[in-house]
Amino acid sequence: MEAGLCWRCDSPVVQKSLEQWFFKITDYAEELLNDCAKLTGWPERVITMQKNWIGKSVGVEIDFPLIGGDTHITVFTTRVDTLYGATFVLLSPEHPLVEQLIKDAVNKTEIEAFIERMRHEDKITRTAVDREKEGYFTGAYAKNPFTGNKIPIYLANFVLLEYGTGAIMSVTAHDQRDFEFAQKYNLPIRLVIMPKGDKLTESAMSKAQEGPGALVNSGQFNGLDNESAKKKMADYLENQGIAKRKINYRLRDWGISRQRYWGAPIPIIYCDKCGTLPEAEGNLPVILPTDIDFPDDGASPLPDLAQFVNTTCHKCGGQARRETDTLDTFVESSWYFARYTCAQNENAIFDPQAAAYWLPVNQYVGGIEHAVLHLLYSRFFTKVLRDLGLLKISEPFSNLLTQGMVIKDGAKMSKSKGNVVDPEDLINKYGADTARLFSLFASPPERDLEWNQEGVEGSYRFLNRVWRLVVNYLEQIKSIDENKPIDNLCAEDKKLNRKLHETIKKVTEDIQQRFHFNTAISAIMELVNALYTYKPKGEASYILVKKSIKSLLIMLSPFTPHIAEELWESLGYNASLATYAWPEYDAAAIKKEETLIVIQVNGKLRSKLSVAVNTSSDEIEKLALSDERIKQYVTGKQIRKIIHIPQKLINIVV
RNA sequence: GCGAGAGUGGCGGAAUUGGCAGACGCGCAGGAUUUAGGAUCCUGUGGGGAUAACCUGUGUGGGUUCAAGUCCCACCUCUCGCACCA
């Protein structure tokens, strides 16, 4: 929607009341929240978003008796400790009691116009935080159950019917919104929480005091700190029967009805005799009809399709009508992973045994844009399917990797913004391998990626380098048996061999453990650079080169499968590269004979020392202290401490 | 406002457990090859500095430590999420 109009066709967007189907996800709110603790393999920010979305708040519902009436207004508050400071009551304009309350109001027409205006305003504008507070006195009063004071009842634009009871007690001294409202409409401020060591007065306040403190002006509860007052006051009110503790969630039930054709039909039938019924299990699934004409106005053809709508009631055999709304697409994406465990199964939603074997999904990958809805719905479905006895797990995805988005010109790439890079162009010019390699090399997957065309050339160049490397060696290595044992490796051979095995180790770990494909690719690039520098001499060299190239191609294949397969075949292998095992690194080849020790004086790098790996700590210290450059910094000074980190570093503190 | 994440060369990024900051790539500069261009290869490339020694440097300011991009405290900026939620 843009400026109240559809962004595609500019038709005005209006709100309508519709009768729709909902899933009662709120029944699982508490479990969905608590089980966030089980999601140890999920990014923190996704868990936070889920928690925010569920939005639990613990409070109390309190009845405020209506003066001159036989009913009361129930408000929800998380700050029962400020009840003595409640100086008026605010209702949402849509609150069911409003009509009755404004019956005798002097400015009734004005109020009704306000209510009407609120009804037509979209929620986003109406609930924006910088929206000016607006309210109307109803003419009616309620009684503060603690002070006994007569307090006015107002309607206010910022009170939402959907949240809590649609009514709040207004504590002007301790809630910023109420404070602003009170200032605008000249309503009394009553201070009931005094911050520690402070001497506030109502008249001197310029903003609400929302922090902790001790109770004042609160009768028998004076002096209590406000946290323990919450408990005591709630107990007291509950005993009096005028309040009860209540937990509220921001999470709403999940509206699943869509007035569209493209979607799975909601399997509900309406029978005049038997009422609203779920379709019989034997008649499932309800299939979307395909012999249809689409109306020009974009509406769903289903409601007008007699052969679809008209059906028989499976209970009484009489005439019945089908629901013509279809399911939200999120419904199917909430359980497909269970279906994947036995996709050929024709008899049931899925086979519980197969699901029990495969699930949970060890590693789930998806865009960050699904951080709330898809992932919350999948978690909800998993719990429901578990409670139906179909699944044994409570959480569907053990580990979650959220890919970043591709950013271009400072904004997320999207069709509606028109700032897309067409992969076709890239593929036509450089090939799919280059396109894949570049997007994986540019940054780690969880991060957003600012698209920069220039780097693509580099990836293309690298693949050409690989191609030439293999082609140039082809003649010498093609017929060589690389499994022939080699000994007497010279220093240069050993160096290359070490590089090869270091690369295998790093690439394997980067892919398996970290999903950091960018560093895996850079390690492969280093290996290619090393192969270019390497000067082969004789058969042993070519065996080593062949081994290196084989491993290189296999390691490259997840990123650039086409070129890897092509070169693999050119080496003379008949079977696809994909059928060969991933290389394993040889720990012995990586083991260094010499190691570079960094020498620091007072934490600053001053020299480096290459020593045999088995050199003793004492020996290294001696060597370090006799180093010419180190001597300059050490002579004439008192050595206070020498810190030696084996294989790495020696720090001389003077 | 609340919550989360991030901030490192001209750019994308690396540094995995506190131990050589800048891997790898782009870009740029110089050179080789070439009739020329492209492609390729070699060298250099954080800043300062006699271009040596050295100094300095990971958003800012403090702190912990022999040692901080990394840990702690405060702050700034950006991105994302939620947002008048009572």
Side-chain angles (χ1 to χ4, degrees), chain A residues 43-53 55-57 59 75-79 82 86 90 92 124 126-133 156-160 162-171 175-178 180-181 210 248-250 368-369 371-372 404-405 407 410 412 437-438 441-444 446-459 461-462 464-465 468 506 509-510 513-514 516 518-526 528-529 532-533 596-608 629 632 640-645 647-654:
Chain A
E44 193 54 44
R45 66 168 167 159
V46 176
I47 293 174
T48 309
M49 284 188 229
Q50 297 243 327
K51 285 181 181 168
N52 283 346
W53 193 260
K56 178 181 183 177
S57 70
V75 305
F76 174 71
T77 181
T78 57
R79 291 297 304 272
T82 63
L90 293 178
S92 146
I124 294 163
R126 181 174 150 193
T127 61
V129 75
D130 50 2
R131 182 70 194 269
E132 201 188 338
K133 312 261 170 293
N157 60 340
F158 64 90
V159 181
L160 309 170
E162 298 83 20
Y163 191 78
T165 59
I168 60 174
M169 64 179 209
S170 205
V171 183
D175 182 290
Q176 186 58 27
R177 296 158 300 176
D178 296 345
E180 286 169 30
F181 193 83
E210 296 181 320
N248 257 308
Y249 299 93
R250 204 189 75 95
I368 186 66
E369 67 272 21
V372 178
M405 293 176 294
I407 308 290
K412 166 186 169 184
L437 186 73
F438 173 66
F441 178 60
S443 84
E446 67 274 14
R447 206 187 292 197
D448 284 347
L449 166 67
E450 175 65 41
W451 189 261
N452 136 303
Q453 181 66 25
E454 259 135 40
V456 179
E457 290 281 348
S459 296
R461 214 175 297 170
F462 168 71
N464 279 310
R465 248 165 97 75
R468 286 197 309 273
K506 177 155 179 64
E509 287 171 359
D510 281 353
Q513 294 164 22
R514 300 203 305 157
H516 278 204
N518 57 331
T519 52
I521 291 166
S522 78
I524 295 172
M525 287 174 169
E526 285 185 54
V528 171
N529 290 346
Y532 264 92
T533 322
L596 193 69
I597 307 285
V598 169
I599 312 176
Q600 295 182 337
V601 178
N602 289 346
K604 287 190 173 168
L605 172 71
R606 295 301 180 187
S607 188
K608 289 171 187 182
R629 296 158 61 126
Q632 295 173 36
R640 289 174 49 198
K641 205 195 256 185
I642 295 179
I643 289 127
H644 182 211
I645 311 293
Q647 313 295 318
K648 274 194 178 149
L649 164 148
I650 184 159
N651 189 10
I652 301 160
V653 186
V654 298

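Every chain is numbered from 1, with letters handed out A, B, ... down the list of sequences.
- Look at the C1' atom in both G7(B) and C75(B): the space between them is 14 Å, to the nearest Å.
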Here RNA chain B, pairs taken as Watson-Crick or G-U under 3.5 Å and shown with ( ), [ ] when crossing and | when to another strand, reads (((((((..(((......[....)))((((((.......))))))(((.....)))..(((((..]....))))))))))))....
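- Going from the P atom of G12(B) to that of C82(B) covers 27 Å, rounded to whole Å.
- Within the 4.0 angstrom heavy-atom criterion, no nucleotide atom of any strand lies near Pro43(A).
- In this structure a side-chain-to-backbone donor-acceptor pair under 3.5 Å is present from Glu210(A) to Gln176(A).
- In G9(B) the O4'-C1'-N dihedral to the base is within 90° of 0, which defines a syn nucleotide.
- Note on Gln600(A): a base of the nucleic acid sits closer than 4.0 angstrom, heavy atoms only.
- Between the base of A39(B) and the side chain of Arg461(A) there is no donor-acceptor pair shorter than 3.5 Å.
- Per the geometry, CD1 belonging to Ile642(A) stands 15 Å off C1' belonging to A67(B), to the nearest Å.
- Judged purely by atom type and a 3.5 angstrom limit, Asn248(A) has no side-chain atom pairing as donor or acceptor with the backbone of Ser57(A).
- Contact annotation for Val456(A): no contact, since no heavy-atom pair falls under 4.0 Å across all strands.
- The side chain of Val598(A) has C20(B) as its nearest neighbour among C20(B), C80(B), C84(B).
- Nucleotides A23(B) and U45(B) have their C1' atoms positioned 15 Å apart, rounded to a whole Å.
- Taking the P atoms as reference points, G22(B) lies 16 Å from A53(B), given to the whole Å.
- A donor-acceptor contact closer than 3.5 angstrom links the side chains of Asn529(A) and Arg465(A).
- Note on Gly458(A): only backbone sugar-phosphate atoms sit closer than 4.0 angstrom, heavy atoms only; bases stay farther off.
- On the C1' atoms, G9(B) is 14 Å away from G69(B), given to the nearest whole Å.
- For the pair Arg177(A) and Phe158(A), the cation-pi test (distance below 6.0 Å, angle within 45°) is failed.
- Taking atom P on both nucleotides, U8(B) is separated from G61(B) by 16 Å, rounded to a whole Å.
- In this structure, His644(A) NE2 and Leu649(A) CG are separated by 8.0 Å, a value rounded to the nearest 0.5 Å.
- Rounding to whole angstrom units, CZ of residue Arg447(A) and P of A6(B) are separated by 9 Å.
- Comparing the same atom, C1', in A6(B) and in U58(B) gives a spacing of 13 Å after rounding to whole Å.
- In this model, no side-chain donor or acceptor of Lys604(A) finds a partner on the base of U56(B) within 3.5 Å.
- Comparing C80(B), C55(B), A14(B) by their closest approach to the side chain of Met49(A) singles out C80(B).
- On a pure distance criterion of 3.5 Å, a polar donor-acceptor pair joins the side chain of Lys608(A) and the base of C20(B).
- The base of C20(B) has none of its N or O atoms less than 3.5 Å from a complementary donor or acceptor on the side chain of Lys648(A).
- Position along RNA chain B of the nearest nucleotide to Asn464(A) versus Thr165(A) favours Asn464(A) as the more 5'-ward residue.
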Heteroatom pairs (N/O) under 3.5 angstrom, protein to nucleotides 22-24 of chain B:
unit_1 : atom_1 : unit_2    : atom_2 : d
A23(B) : O2'    : Glu526(A) : OE2    : 3.0

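- Between the side chain of Asn651(A) and the base of C66(B), at least one donor-acceptor pair of N or O atoms lies under 3.5 Å.
- Look at A50(B): its glycosidic torsion is within 90° of 0, and that puts it in the syn range.
- Phosphate proximity of C20(B) to Arg606(A): absent, as no side-chain N or O sits under 4.0 Å from OP1 or OP2.
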Starting from the C-alpha separation in whole Å, work towards a yes-or-no answer on side-chain contact (heavy atoms from CB on, under 4.5 Å) for Val598(A) and Ile645(A). CA-CA 10 Å; Val598(A) 169; Ile645(A) 311 293; over 6 Å; no
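- Using a 4.0 Å heavy-atom distance criterion, Lys56(A) is classed as making no nucleic acid contact.
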